[in-house]
2 protein chains.
Amino acid sequence: MGATKSDQFTKEQNDLASLAKALGHPARIAIIEYLLKVDSCICGDIVGVLPLAQPTVSQHLKELKNAGLIKGNIEGTAICYCIDEEGFEKIKSFFDHVTVSLSKKKFDCC
Amino acid sequence: MGATKSDQFTKEQNDLASLAKALGHPARIAIIEYLLKVDSCICGDIVGVLPLAQPTVSQHLKELKNAGLIKGNIEGTAICYCIDEEGFEKIKSFFDHVTVSLSKKKFDCC
DNA sequence: TTTATATATTGCAATATTACGATAAAAGAA
DNA sequence: TTCTTTTATCGTAATATTGCAATATATAAA
């Protein structure tokens, strides 16, 4: 055994887990932070910013894109990446739900 | 190679990634949702709720606890787990930062 | 066309995660 | 003490992730 039993959980649980998992690596957090900082779509200079080789960065970008957290646009010979707000909306609504639930909490046992 | 180059990133980036990573599995999302739903600390009946064996659930609980997302209290022969609000505050402040940054965004290229 | 630049893909080694049976540990009940 | 219940840990197999060199692809420039 050893494979994740994703089929045993709901689509919502799997989708949320995928989004969280995509953010579960410091390089990918760094990419998101950089994209937020430059306040515009940037291209492959992410490679220059990260302490990782180009294929590795490309792989991380692909994962963020697959998860729906960033978008990419072909711009001549370069590619312009930027935040995909939709993906962040989904995660954010989960944390909003958590916050609301916690505010309704009656006991504080632990 | 193949090991994560965590030492090349900041503590903040690694901490955030750890929190996100801990939520990056449907079983752990399910555990959090269950703890929110029961509106109180519950014990090992999480095992009865999840489609996983007891050692696997125990392992997932340990990861959530290490990440600072849940707390556990020994309660006789059972253990009482509940949400650790502090961990969720940390993640939430990251997403708040994302939201603020996105609202200041000028271009919409992608 | 050839050359240069930017990014993606392939293939593989190193490492990490997931899952669970077997077993241990801890505490209350008999 | 022994038995039962609850949870954790160990050991291990299956699988997934991480990282990069080599290579492929695609477009622009010369």
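The chains referred to below are lettered A, B, ... by the order of the sequence lines, with proteins before strands, and numbering in each begins at 1.
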Round to a whole Å and report the spacing from CG of B:L61 to P of D:dT9.
11 Å
Round to the nearest Å and state the distance from A:N66 atom CG to C:dT9 atom C1'.
14 Å
Reading DNA chain D from 5' onward, which residue's closest nucleotide shows up sooner: B:A78 or A:L52?
B:A78
Any side-chain N or O of A:T56 less than 4.0 Å from the OP1 or OP2 oxygen of D:dT18?
no
Side-chain N or O of A:Y81 versus OP1/OP2 of C:dA8: is the shortest distance under 4.0 Å?
yes
By nearest-heavy-atom nucleotide on DNA chain C, the more 5' of A:K21 and A:G44 is A:G44
Phosphate oxygens OP1/OP2 of C:dC20: is one of them under 4.0 Å from a side-chain N or O of A:K5?
yes
Whole Å only: how far is the CG atom of A:L50 from the C1' atom of C:dT7?
15 Å
Strictly below 4.0 Å: does A:H60 bring a side-chain N or O up to OP1 or OP2 of D:dT17?
no
Those residues of residues 26-35 of chain A lying under 4.0 Å from DNA chain C by at least one heavy atom
none
Please compare A:F9 and A:D45 by the position of their nearest nucleotide in DNA chain C and report the one closer to 5'.
A:D45
Quick one: which protein N/O atoms are closer than 3.5 Å to N/O atoms of nucleotides 22-27 of chain D? Pair and distance per line, please.
none

Tell me the interatomic distance from A:H25, atom NE2, to D:dG19, atom C1', rounded to whole angstroms.
9 Å
So what does A:K65 touch, heavy atoms closer than 4.0 Å: a base, only the sugar-phosphate, or nothing?
nothing
Take atom CG of A:N14 and atom P of C:dT18, then tell me their distance rounded to the nearest Å.
13 Å
A:E63 has a side chain; which of C:dA8, D:dT18, C:dA19 sits nearest to it?
D:dT18
From CG of B:L23 over to P of C:dT17, roughly how many Å is that when rounded to an integer?
15 Å
